[in-house]
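A short write-up of the structure that comes next.
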Amino acid sequence: MVDARSQRWGGPARTAALRLSAFGLLLPMALALSAAERSAPARTVDAALTQAYAEAIRARVLEQWLRPPSVLPGQRCTAWILQLPTGKVIDVQAEADCQFDAVGRTSLENAVRRAQPLPSKGFERVYVRNLRLTFVAE
């Protein structure tokens, strides 16, 4: 699901805040669930774990993001991240409709790479190989 286009990465300028929208974490759909797995408590636990997973990734990327001045507060950028179960990032690509300019896209992609390994310990139940994350500059 990761876009096959390759982009080159350059050096961004200064630090700023970045927020990961909770709805931006795209998880694969379960194919078949037993009656026990369909119970509300199990979904609540998985939803909470998924939210914690998204927050852990957000925090790790935020530590590494150097926001260029051209990225304005409120701008959004969705990126596809291909990762291994260990959190090693194989590829990261900003989607075409990303509101960041080219320098901003590159800075976000670089931040994801520098943030590796992405959090994985304790999140094995909600791990996904192909992440689709929406970042919002603050």
Side-chain angles (χ1 to χ4, degrees):
M1 296 192 96
V2 172
D3 195 320
R5 296 175 311 226
S6 68
Q7 297 178 1
R8 294 291 170 212
W9 301 276
R14 72 179 119 119
T15 61
L18 183 67
R19 180 178 78 232
L20 170 65
S21 300
F23 63 85
L25 182 61
L26 180 70
L27 300 173
M29 217 166 51
L31 298 177
L33 298 175
S34 69
E37 291 171 320
R38 286 190 299 259
S39 68
R43 279 183 287 206
T44 303
V45 169
D46 284 345
L49 188 59
T50 299
Q51 180 62 36
Y53 184 42
E55 178 59 29
I57 292 171
R58 184 207 66 82
R60 179 75 55 87
V61 173
L62 175 59
E63 291 171 1
Q64 300 299 319
W65 194 44
L66 303 171
R67 188 185 93 190
S70 60
V71 175
L72 304 175
Q75 287 184 321
R76 300 171 157 270
C77 187
T78 300
W80 283 97
I81 302 169
L82 178 63
Q83 67 167 341
L84 296 176
T86 60
K88 179 179 178 179
V89 174
I90 297 170
D91 191 26
V92 58
Q93 297 286 323
E95 288 189 347
D97 63 350
C98 174
Q99 294 176 343
F100 297 179
D101 65 0
V103 173
R105 289 177 185 181
T106 298
S107 72
L108 177 60
E109 291 169 352
N110 286 338
V112 172
R113 284 187 182 83
R114 283 191 304 270
Q116 66 180 317
L118 297 176
S120 60
K121 203 85 133 158
F123 299 111
E124 294 83 1
R125 282 189 13 212
V126 293
Y127 161 81
V128 288
R129 183 173 169 85
N130 294 303
L131 295 174
R132 182 178 186 254
L133 303 175
T134 298
F135 296 92
V136 180
E138 291 184 335

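Computed from a predicted structure; not experimentally measured.
Going from atom CD of Q83 over to atom CG of L131 covers 4.5 Å, rounded to the nearest 0.5 Å. Taking OG1 of T106 as the start and CG of D101 as the end, the distance is 8.5 Å to the nearest 0.5 Å. Between the SG atom of C77 and the CG atom of L108 there is a distance of 5.0 Å, given to the nearest 0.5 Å. Here the OG1-CD distance, from T134 to E95, works out to 7.0 Å after rounding to the nearest 0.5 Å. Interatomic distance, W65 CH2 to N110 CG, rounded to the nearest 0.5 Å: 12.0 Å. If you take CD1 on I81 and CD on Q93, they are separated by 11.0 Å, rounding to the nearest 0.5 Å.
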Checklist entry - Given L66 and R114, is the side-chain contact (heavy atoms from CB on, under 4.5 Å) satisfied, shown in steps? => result CA-CA 11 Å; L66 303 171; R114 283 191 304 270; 4.0 Å; yes

Item to check | Derivation of the side-chain contact (heavy atoms from CB on, under 4.5 Å) call for D46 and Q51 | outcome: CA-CA 8 Å; D46 284 345; Q51 180 62 36; over 6 Å; no

Item to check | side-chain contact (heavy atoms from CB on, under 4.5 Å) evaluation trace for V71 with F135 | outcome: CA-CA 12 Å; V71 175; F135 296 92; over 6 Å; no

Item to check | Working for side-chain contact (heavy atoms from CB on, under 4.5 Å), residues R129 and I90 | outcome: CA-CA 10 Å; R129 183 173 169 85; I90 297 170; 3.9 Å; yes

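Shown here for R113 and Q116, the closest heavy-atom pair between the two residues is O-CG, 2.9 Å. Residues V128 and Y53 approach most closely at N-OH, 4.1 Å, considering heavy atoms. A pairwise comparison of heavy atoms in Y127 and L84 identifies OH-C, 3.3 Å as the closest pair. Taking each heavy atom of S107 and G104 in turn, the nearest pair found is OG-O, 2.7 Å. In this structure, P85 and S120 approach most closely via the heavy-atom pair O-CB, 3.3 Å. Here the closest non-hydrogen pair linking A79 and V92 is CB-CG2, 4.3 Å.
Side chain of R67 to backbone of A137: no donor-acceptor contact under 3.5 angstrom is found. Formation of a donor-acceptor pair under 3.5 Å by the R76 side chain with backbone atoms of D97 is not found in this model.
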